Amino acid sequence: MVHPAQGQMVQDLAAAGELGAPPSRYVLREKDRPVAATGAVQAAERELAAIPTIDVSRLAAESGDDGGEAAKLRSALQSWGLFAVTGHGMPEPFLDEILAATREFFHLPPEEKERYSNVVAADDGGGGGERFQPEGYGIDRVDTDEQILDWCDRLYLQVQPEEERRLEFWPEHPAALRGLLEEYTRRSERVFRRVLAATARSLGFEEEFFADKVGEKVATYARFTYYPPCPRPELVYGLKPHTDNSVLTVLLLDKHVGGLQLLKDGRWLDIPVLTNELLVVAGDEIEIMSNGVFMAPVHRVVTSERERMSVVMFYQPEPHKELAPSEELVGEERPAMYKKLKAKAFGDGFWDAFAAGERTIDFLKVKVEHQQQQPEEAAVSTSA
Ligand SMILES: O=C(O)CCC(=O)C(=O)O
Ligand SMILES: [Fe+2]
């Protein structure tokens with residue numbers, strides 16, 4: 001069974017024109033609305049985040065002398081949960097080509113994109129019907145009438161391991177897209193591997209510390225997101241607040257239009273538009289594996305009157321791997337903050353959690369409830 005709203009692409013809505021305001025399905029409750037919309041009037045209220053930058057080429061230093069870059073990485077992950085990446089070795093024209101191909105894909109006629117639809121024939125025998133699957137082109141999963149929908153369409157593809165690729169969902173047009181995606185998959189994984197190794201080193205572990213827990217055949221998913229121009233950006237989310245289902249996420253952002261925001265110390269900050277830098281974000285799985293030393297930051301996307309794109313790579317552990325706080329990071333001072341579960345169970349839970357607007361860690365009740373001091377006791381001790 002597929003929810004009737006599943007078939008409505010945001011891009012088609014936006015293109016129908018004369019759209020005075022987004023339909024009610026997209027309109028946020030007042031308390032959730034992004035206060036600082038992209039209009040000039042509110043510009044003064046917006047706060048551009050001075051995010052840390054890490055040079056990944058320095059992280060590779062074999063001698064171990066990286067000029068303090070790993071220490072910087074640890075501090076960036078602990079205070080921000082994300083950072084801009086330089087030294088990734090990808091030439092700017094290459095990144096531009098990927099964004100251009102993404103734009104070209106989303107600008108194809110609807111019937112061309114529908115060939116890769118994430119609504120497929122139900123294969124449960126008998127009755128026909130359709131079902132939603134994460135892979136392919138469309139909107140994110142709609143579960144209920146009440147769910148407020150995000151102002152974006154996306155193409156979601158598993159790119160690794162290679163034998164898991166379902167090429168029938170890889171667009172044939174524009175012709176350059178497949179090759180670009182293959183090349184980007186290779187290059188982006190190098191960034192992921194380097195950052196993961198340095199993350200381990202920054203905690204005093206061997207470089208393979210996290211890599212072994214993740215496995216050689218990381219499950220990698222590419223998400224191409226298209227945020228159509230929105231007539232009333234202050235009423236909707238491009239993408240609702242969430243943390244990523246990943247160990248780490250590597251993002252290639254639109255070079256012209258901002259919109260990504262980070263929740264830091266209770267405030268939403270704008271991630272600046274980057275040019276030749278990538279962005280790395282810590283995901284739920286590193287939060288669990290590090291026993292909360294690194295926390296996945298909550299982020300969201302706000303829209304504007306201009307279209308926007310991003311190409312995002314999610315790196316997840318091999319599905320059969322156990323996801324758990326690393327023993328070396330658990331002790332009397334720091335008891336295990338998360339329960340053990342299979343990487344696949346966590347990954348599957350993400351989609352239910354995302355549709356419900358919750359963090360997977362909360363939705364699946366992965367946090368361990370530690371005995372807290374009772375409020376009465378606290379009151380007694382302070383008044384004594
Ligand atoms: O489009 C963006 O800037 C961010 C997208 C994002 O957070 C995601 O795909 O998980
Ligand atoms: Fe995200």
Side-chain angles (χ1 to χ4, degrees), residues 10-11 34 38 46 48-49 51 77 80-85 95 98-99 102-103 105-106 118 134-141 149-159 181 184 188 192 219-230 233 236-264 268-275 277-287 294-304 306-316 347 350-351 353-355 357-361:
V10 181
Q11 190 179 5
T38 39
R46 301 189 78 176
L48 218 51
I51 60 170
L77 281 176
W80 291 83
L82 55 73
F83 51 86
V85 171
L95 297 178
I98 297 170
L99 288 168
T102 303
R103 181 171 188 279
F105 171 74
F106 283 103
N118 56 12
E135 223 171 331
Y137 162 78
I139 62 171
D140 285 310
R141 198 177 85 196
L149 306 184
D150 292 332
W151 195 259
C152 70
D153 300 333
R154 91 292 188 284
L155 170 69
Y156 188 74
L157 301 171
Q158 179 160 17
V159 293
L181 181 56
Y184 186 64
S188 165
F192 163 69
T220 312
Y221 292 86
R223 178 182 169 114
F224 300 78
T225 309
Y226 180 78
Y227 305 92
C230 183
V236 308
Y237 287 142
L239 201 58
K240 65 173 87 68
H242 67 280
T243 55
D244 287 346
N245 173 22
S246 70
V247 177
L248 296 169
T249 310
V250 176
L251 298 91
L252 169 58
L253 302 179
D254 196 295
K255 279 170 68 171
H256 304 288
V257 183
L260 178 58
Q261 297 185 326
L262 167 76
L263 185 61
K264 190 174 189 298
W268 287 103
L269 305 181
D270 285 291
I271 300 300
V273 171
L274 305 172
T275 47
E277 296 113 318
L278 300 170
L279 189 77
V280 167
V281 175
D284 290 340
E285 283 92 325
I286 196 82
E287 174 174 329
F294 303 121
M295 300 291 282
V298 175
H299 53 285
R300 69 182 185 188
V301 176
V302 295
T303 62
S304 76
R306 298 170 69 188
E307 67 175 8
R308 178 175 182 274
M309 271 149 291
S310 63
V311 179
V312 179
M313 303 291 257
F314 300 96
Y315 293 91
Q316 298 164 11
F350 171 80
W351 295 105
F354 189 72
E358 283 185 48
R359 285 197 68 191
T360 317
I361 283 178

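Computation of the quantities below employed the complete heavy-atom set of this structure, encompassing side-chain atoms and omitting hydrogens, waters and symmetry-equivalent molecules. Small disclaimer: the values here were computed from a predicted structure and weren't measured. Order of appearance sets the numbers: ligands from 1, and atoms from 1 within every ligand.
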* Out of L260, T303, V302, which one pairs with R308 under the side chain to side chain contact (heavy atoms under 4.5 Å, CB included) rule? -> L260
* To do: Describe, in one word, how the ring planes of Y156 and F314 are oriented to each other, choosing from parallel (under 30°), tilted (30 to 60°) and perpendicular (over 60°).
  => tilted
* So W351 and F354, would you call those rings parallel, tilted or perpendicular, with 30° and 60° as cut-offs? ->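 Rings of W351 and F354: perpendicular, over 60°.
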* Could you tell me whether the side chains of S188 and Y315 share a donor-acceptor contact shorter than 3.5 Å? =>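 Side chains of S188 and Y315: pair found under 3.5 Å.
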* Asked: Do the side-chain N and O atoms of S304 and R306 include a donor-acceptor pair separated by under 3.5 angstrom?
  -> no
* Asked: Hey, does the side chain of E287 reach the backbone of A296 with a donor-acceptor pair shorter than 3.5 angstrom?
  ->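 Yes, E287 side chain to A296 backbone: donor-acceptor pair under 3.5 Å.
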Atom pairs and distances, ligand 1 N/O vs protein N/O under 3.5 Å:
residue  : atom   : partner : partner atom : Å
ligand 1 : 1 (O)  : Y227    : OH           : 2.7
ligand 1 : 1 (O)  : R308    : NH1          : 3.1
ligand 1 : 1 (O)  : S310    : OG           : 2.7
ligand 1 : 3 (O)  : R308    : NH1          : 3.2
ligand 1 : 3 (O)  : R308    : NH2          : 2.8
ligand 1 : 7 (O)  : H242    : NE2          : 3.2
ligand 1 : 7 (O)  : H299    : NE2          : 3.1
ligand 1 : 10 (O) : H242    : NE2          : 3.1
ligand 1 : 10 (O) : D244    : OD1          : 3.2

* To do: For T243, enumerate each residue passing the side chain to side chain donor-acceptor pair (under 3.5 Å) test, keeping only those at least two apart in sequence or located in another chain.
  =>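 In terms of side chain to side chain donor-acceptor pair (under 3.5 Å), with neighbours along the sequence ignored, T243 is linked to D284, R359.
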* Asked: Can you tell me the N, O or S atom of D244 that's nearest the Fe ion (ligand 2)?
  -> OD1
* To do: Give the atom name of whichever N/O/S atom in H299 sits closest to the Fe ion (ligand 2).
  =>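 In H299, the heteroatom (N, O or S) nearest the Fe ion (ligand 2) is NE2.
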